[in-house]
Enquirer: 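Got a structure for you, questions after.
Here the structure is a predicted model, which means the values were calculated and not measured.
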Amino acid sequence: MRLRSRPRKRAVAGAKHQLVFIDRLLATLVHLRHATTHDVLACWFGVDRSTITRAIGEVRPLLAERGCSVALDVRLRTLAEVIDHLGASGQTGIIDGTEIRVRRPATGRRTHVRGRATGPSDTPPRR
C-alpha cells in the first residue's frame, strides 16, 4: 500500500550526455585552436573518443552560427603566414604572446637527452 501512495519516477528518454555543455564547448575550442586529436581529448575528459566526436559535431555548428568558424582549407603554421592571411582578408587578429614554462619532473635517475649527459659528474667544468 505504501508504494502506491508516492508518485512513480520515470527515466528520461534519449541519449545521456557524459559531458556537460561547458566541457563540450571547451573540448571543441581546444580541438579547433590546437588541432588536438579526438583520442587525446577523450583521455583528458575521461570519455570515449566517439563522445568527443559527437560533442565537436554538435558544438561546431553552434559556433559557426555566431560567426566563430575556422576555414578548413587554411592552415597557418608560422606567424608570418598568420599576418599575411589577416592582411589579405582585411581582418584584425589578437595574438597572445604569453610564455609558459614547462618543467620536467625529476626522475631520480640519469637520463640521456639528445647528446647531452644530464648527470652532474658527466658535465665538464666551465672555465
Enquirer: Scan I56, V40, V59 and name whichever one has a side chain to side chain contact (heavy atoms under 4.5 Å, CB included) with H31.
Expert: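 With H31 as partner, I56, V40, V59 yield a single side chain to side chain contact (heavy atoms under 4.5 Å, CB included), made by I56.
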Enquirer: So, do V82 and T78 sit near enough that their side-chain heavy atoms are less than 4.5 Å apart?
Expert: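 In short, these two side chains do not touch, never coming nearer than 4.5 Å.
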Enquirer: Give every residue pair that meets the salt bridge (Lys or Arg N to Asp or Glu O under 4.0 Å) criterion with at least one member in residues 43-53, sequence neighbours excluded.
Expert: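 Passing the test, one end in residues 43-53: D39-R49.
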Enquirer: Between L25 and L63, is any pair of side-chain heavy atoms under 4.5 Å apart?
Expert: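 Yes - at least one pair of side-chain heavy atoms lies under 4.5 Å apart.
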Enquirer: Has T28 got a side-chain atom pairing as donor or acceptor with R24's backbone, closer than 3.5 angstrom?
Expert: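 Yes, because the side chain of T28 sits within donor-acceptor range (under 3.5 Å) of the backbone of R24.
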Enquirer: Might you work through the side chain to side chain donor-acceptor pair (under 3.5 Å) test for H38 and T53, ending with a clear yes or no?
Expert: CA-CA 7 Å; H38 294 192; T53 302; 2.8 Å; yes
Enquirer: Determine, step by step, whether L26 and L19 satisfy the side-chain contact (heavy atoms from CB on, under 4.5 Å) criterion, reporting the C-alpha distance in whole Å, the side-chain angles of both residues, the deciding distance to 0.1 Å, and the verdict.
Expert: CA-CA 10 Å; L26 181 62; L19 292 175; over 6 Å; no
Enquirer: With a 4.5 Å limit on heavy-atom distance, are the side chains of V30 and W44 in contact?
Expert: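 Counting from C-beta outward, V30 and W44 do come under 4.5 Å.
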